[in-house]
Amino acid sequence: MGEIFAGMPWWVKWIAVPVIALVVFGGLLATVVGFVIGLLFKLLVFVALVGGLVYVVRKFMSSSSSRSDW
């Protein structure tokens, strides 16, 4: 691989090739990044909902155990 770029100017290696790679694989990268961000958001929502459920159940259990008139 080094032989191919040996006679090329520096801007071909460091500017043109990465730009071409981003153009070719940009859609794939955007899809992967979007999927990961969506997954993290769903995980955050899941943790918040489970935490809220645990809080409500503990609150309900503590208030119902203090009442002995059932």
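Heavy atoms only: backbone and side chains are in, while hydrogens, waters and symmetry mates are out. Owing to the predicted nature of the structure, the values given are computational and were not obtained by experimental measurement.
- Grouping the Ile, Leu, Val, Met, Phe, Trp and Tyr side chains by contacts below 4.5 angstrom, directly or via other members, places Met8 with Trp10.
- When hydrophobic clusters are built by joining Ile, Leu, Val, Met, Phe, Trp and Tyr residues whose side-chain heavy atoms come closer than 4.5 Å, directly or via intermediates, Phe46 is not grouped with Tyr55.
- Residues passing the side chain to side chain contact (heavy atoms under 4.5 Å, CB included) test with Val24 are Ile20, sequence neighbours excluded.
- Atom CD1 in Ile4 sits 12.0 Å away from atom NZ in Lys13 (nearest 0.5 Å).
- Hydrophobic clustering of Ile, Leu, Val, Met, Phe, Trp and Tyr side chains at less than 4.5 Å, counting indirect connections, keeps Val33 apart from Leu28.
- For Pro9, the side chain to side chain contact (heavy atoms under 4.5 Å, CB included) partners at least two apart in sequence or on another chain are Trp11, Val12.
- Residues Leu53 and Met61 share a hydrophobic cluster, clusters being chains of Ile/Leu/Val/Met/Phe/Trp/Tyr side chains in contact below 4.5 Å.
- Partners of Val47 under the side chain to side chain contact (heavy atoms under 4.5 Å, CB included) rule, at least two apart in sequence or in another chain, do not exist in this structure.
- Residues Val23 and Phe25 do not share a hydrophobic cluster, defined by chaining ILVMFWY side chains whose heavy atoms lie under 4.5 Å apart.
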